[in-house]
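To keep things clear, I will list the structure first and then write my remarks on it.
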Amino acid sequence: MSHPGYPFADIERKRQAHWDETRAFRTPEDPSRPKYYVLDMFPYPSGAGLHVGHPEGYTATDIIARYKRMCGYNVLHPMGWDAFGLPAERYAMQTGIHPAVTTEQNINNFRRQLKSLGFSYDWERELSTTQPDYYRWTQWIFLKLFNSWFDPEQKKARPIAELPIPPELAGDANARETYVNARRLAYVTEAPVNWCAELGTVLANEEVEEWTSKGYSVERKPMRQWMLRITAYAERLLEGLDRLDWPSGTMELQKNWIGRSEGAEIEFPLTADAAARAESAGLPASLRIFTTRPDTIYGVTYMVIAPEHPLADALISSDQKSAAEAYIAEAKLKSDLDRQVQGEKAEKTGVFTGGHVRHPLSGEAIPVWIADYVLMSYGTGAIMAVPAHDERDFAFARRFKLPVRVVIAPTASGPREPSGAAPDAPTDAERRESEAAGARLKTAFAEEGVNVWSGPLDGQPTKAAIGRMNALLEAQKLGVRRINYKLRDWLFSRQRYWGEPIPISFDEAGHFVAESEDSLPLLLPPSDNFQPAATGESPLANLPDWVAHARDGKQLRRETNTMPQWAGSCWYYLRFIDPGNSDALIDPEKEAYWMGENGVDLYVGGSEHAVLHLLYARFWHKVLFDLGYVKSPEPFQKLIHQGLILGEDGEKMSKSRGNVVNPDEVVREYGADAFRLFEMFLGPLEAVKPWSSRGIEGVARFLSRTWRLYTQREGEADDADRSTLQGAAIDPRVYADIPEDRRRDAERVIHATIKKVTEDIERLSFNTAISQMMIFVNEFLSEKQLGRFGAEAFVKLLSPFAPHLADELWSLLGNADSLANVPWPAYDPQKITVDEIEIVFQVNGKVRGRARVAPGADDESLKKLALADPAIQRTLQDQTPKKIIVVKNKLVNIVV
Ligand code: ANZ
């Protein structure tokens with residue numbers, strides 16, 4: 001199709017200019033009205049410009065924002081830029097062009113593109129995470145984290161000044177400082193990190209996959225890093241999910257990422273020789289393990305410690321020394337993630353230490369192995385291996401020919417009838433039996449069941465057995481119940497230039513010296529050298545005059561790491577509420593009004609942020625909540641992920657495939673309204689769906705039919721190509737009174753359309769709302785008789801979707817200039833009720849006649865009506881019906 005046939009370019013230009021001039025979408029501060037906060041995940045302004053995936057979510061939120069405004073809400077619908085980050089810095093490394101320059105260009109381009117789509121953002125609240133008056137407050141929050149600790153009793157963050165100091169430390173300034181620093185929510189640690197040499201920076205665990213999938217390699221390397229103590233919030237981050245209206249898949253991802261697991265820590269004493277070595281090294285003479293299945297304790301046949309485990313040296317015997325040390329050296333090169341993935345898939349590797357521990361209940365000596373499927377960073381870094389009931393242990397035991405002992409049967413009638421409560425550990429004979437059963441196993445039985453060959457646990461179902469074993473171990477002081485989380489603290493520093501400077505310095509003795517809050521922002525210094533420093537430090541280390549500074553006569557060195565891109569996006573939704581505030585992060589009254597009890601009312605963005613941004617932002621929000629800066633416990637009440645838009649070929653859009661659709665071209669050819677409408681018409685918002693160029697022509701035709709329905713041009717046929725606005729006028733037939741004989745039907749369609757579109761918008765079911773509007777236009781296109789109410793109502797319904805065209809028609813209808821704040825139309829339920837419906841009469845399933853009846857007619861009268869129908873009588877002749885089936889309001893089927 002060459003031209004969609006209505007003057008969209010003129011209309012859209014005119015309408016956008018008008019919105020700009022009248023500041024149509026400025027958010028008033030009006031606490032008397034109910035609020036609605038609808039937020040998009042703000043974009044990273046990349047050099048490639050807007051992608052068709054961006055406007056999908058943005059159109060959805062714009063429909064909601066416009067609809068809610070018309071429903072009388074005070075709507076906050078802002079837009080900004082998540083503009084720190086790696087791509088601009090990598091570009092700077094290649095070209096020497098300062099990231100601030102490219103970032104500004106990209107922002108300008110993104111803004112132009114978004115404006116061309118007619119989104120009703122309050123542009124006066126636009127912000128960028130790279131603006132000093134924004135990152136000033138990001139740094140301020142960092143200082144709050146630095147100056148807070150998590151009180152495990154009150155389960156909340158408190159100012160560090162309130163941290164109780166153990167009396168024995170009172171006199172020792174250094175010990176005291178170490179104690180305090182180890183409890184801050186922002187702290188420094190020397191830890192093995194994911195180092196990416198090509199990027200010249202470390203990556204958070206959450207980021208590794210993204211970059212390795214792009215072909216970058218990531219290695220483990222110990223480095224001094226800033227961490228945020230998100231683990232302190234594990235439980236609250238988990239509990240908080242209960243009150244949220246989020247996609248279940250995303251909640252599941254967060255739950256798994258937090259990874260709560262209930263179990264026990266159990267002590268396995270070292271045998272005498274190893275114990276002596278441990279004690280001489282100042283280490284405990286017992287190996288502490290974490291297990292979720294203490295009920296399987298009689299099935300332990302070996303132990304595994306992580307290669308980094310502190311007791312490794314003590315456990316390694318002299319004849320195993322060289323083999324064990326070689327294994328440890330190799331394991332050091334792998335990241336936890338690699339080890340975890342490998343632990344699931346590849347063949348297990350490991351080495352015997354030569355050392356043993358004693359089973360805490362039976363006293364049996366158990367060999368200790370080193371294997372990298374056990375991670376030092378989880379639990380205690382050591383496990384009791386129960387190969388009969390754990391997949392990884394099973395694979396390992398088979399590989400290294402270690403015994404397998406069955407101690408759980410699927411049901412009570414398993415390998416052996418339960419013998420009742422045996423007071424002691426299993427006998428040698430029983431152990432042999434359970435090993436014989438183990439030798440026959442094909443895979444581990446990792447589910448719950450009933451204990452067998454388990455001494456005091458015999459016959460107990462799993463849950464009861466766990467409880468009984470925990471009690472038994474606790475009574476003998478051999479173990480404690482324990483909850484573990486998979487969640488790790490958040491690695492927060494990056495060796496980058498283009499990020500927020502961390503507002504901390506160090507004095508000559510290495511003590512922290514924080515910037516004072518009122519000296520912020522600590523500005524990112526100008527530079528033209530974006531290469532990492534020779535030391536592997538961030539490019540900021542290339543600026544000695546910035547790094548070295550003096551305060552109160554003390555020589556200080558600045559932290560040269562910067563914050564990760566996630567920092568700025570952790571709290572931007574708060575700043576939109578009060579973007580100009582130079583005295584505070586946010587005015588408490590404005591915060592109370594706009595965030596209310598539940599925070600942002602609707603948040604739309606990509607599902608790729610499920611465990612990154614969405615977890616980090618919740619964490620910061622909870623800290624701000626604890627410290628009294630926000631009143632809602634959670635930031636985002638309702639969350640929706642828009643589905644990916646694929647290329648026309650059904651593949652992910654990518655430059656290399658050549659299937660990328662450029663929004664600018666679509667807007668040029670079909671207009672912004674058609675583009676918006678089409679993005680919503682592709683399918684359900686959350687579904688993954690391919691682009692279709694035929695489809696966009698379809699919606700463009702719908703819009704030109706709408707234009708034709710409303711307008712006429714003197715002396716021209718109805719289907720004329722109206723390429724300019726000139727001479728366009730409303731066709732008077734559109735709003736003339738509907739003639740009596742059509743009125744009832746016309747009103748039914750009008751009111752049913754209001755109902756359907758309203759309800760569909762509320763359900764975010766935009767594609768079905770558009771279908772209904774298409775039906776509406778087809779219904780009226782030839783006669784045009786809508787009446788004033790119908791003509792105006794339809795334009796209002798259309799306006800959230802195709803705001804330019806709707807505003808133009810609205811003003812052509814003789815109204816004020818914009819529908820932005822015009823009340824949403826209400827429908828009259830009485831006008832939708834149908835007074836007659838069609839019933840189909842069938843004989844043996846074939847349609848033979850029809851009748852119009854009042855809805856709800858009872859079965860008996862429908863049967864009578866069918867049998868009396870002349871066409872049916874003709875078909876039946878003299879046959880007597882065997883059976884008559886009635887489907888209410890639909891059909892009567894006569895079986896002969
Ligand atoms: C004995 C056992 C028997 C286990 C059994 C499982 C099944 P979650 O917390 O659910 O992931 N484990 C403990 N620490 C580990 C570490 N640092 N690295 C690797 N594995 C570790 O699972 C906890 C279980 O994972 C623990 O329970 C332990 O194996 C293993 F029939 O102990 B179990």
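Counting convention: from 1, in listed order, for ligands and their atoms alike. Counting from 1, the numbers follow the sequence of the chain as shown.
Relative orientation of the Phe512 and Trp226 rings is tilted, given thresholds of 30° and 60° on the angle between their planes. Between Trp566 and His609, the two ring planes are perpendicular [angle over 60°; tilted spans 30° to 60°]. Taking the six-membered ring for Trp and thresholds of 30 and 60 degrees, Phe290 and Tyr378 have ring planes more than 60 degrees apart, a perpendicular arrangement. The aromatic rings of His356 and Phe352 sit perpendicular to each other, their planes meeting at more than 60°, with 30° as the lower class boundary.
Near Met384, meaning under 4.0 Å from any of its heavy atoms, are these atoms of ligand 1: 1 (C), 32 (O). Near His389, with a cut-off below 4.0 Å to any heavy atom, the atoms of ligand 1 are 5 (C), 7 (C), 31 (F). Each of the following atoms of ligand 1 lies closer than 4.0 Å to a heavy atom of Tyr373: 18 (N), 19 (C). Residue contact check: Arg392 has heavy atoms under 4.0 Å from atoms 19 (C), 20 (N), 25 (O), 30 (C) of ligand 1. Atom numbering of ligand 1 starts at 1 in the shown order; those under 4.0 Å from a heavy atom of Thr291 are 1 (C), 2 (C), 4 (C), 26 (C), 27 (O), 32 (O), 33 (B). Those atoms of ligand 1 with a heavy atom of Thr296 less than 4.0 angstrom away are 3 (C), 31 (F).
Looking at ligand 1, you'll find an N or O of Thr292 within less than 3.5 Å of one of its N or O atoms. The shortest N or O to N or O distance between Tyr378 and ligand 1 is under 3.5 Å.
The aromatic ring centroids of Trp453 and Tyr298 lie 6.0 Å or more from each other.
Looking at atom 28 (C) of ligand 1, its nearest protein heavy atom turns out to be Phe290 O, 3.7 Å. The protein heavy atom nearest to atom 6 (C) of ligand 1 is Asp390 OD2, 3.4 Å.
The residue from His309, Met376, Lys486, Glu262 that puts a heavy atom closest to atom 8 (P) of ligand 1 is Lys486. Nearest-heavy-atom check against atom 12 (N) of ligand 1 across Ile408, Ile383, Leu375 picks out Ile383.
The backbone N or O of Ser454 lies less than 3.5 Å from a partner atom in the side chain of Asp458, making a donor-acceptor pair.
By the 4.0 Å heavy-atom criterion, Ser261 is counted among the residues contacting ligand 1.
For the pair Arg183 and Tyr179, the cation sits on the ring face: its NZ or CZ lies under 6.0 Å from the ring centre, inside 45° of the axis. Figure legend: Arg618 and Phe636 shown without cation-pi pairing, the cationic atom not lying both under 6.0 angstrom from the six-membered ring centre and within 45 degrees of its axis.
Put simply, the residue from Lys622, Lys255, Arg260, Gln254 that forms a side-chain contact (heavy atoms from CB on, under 4.5 Å) with Leu237 is Lys622.
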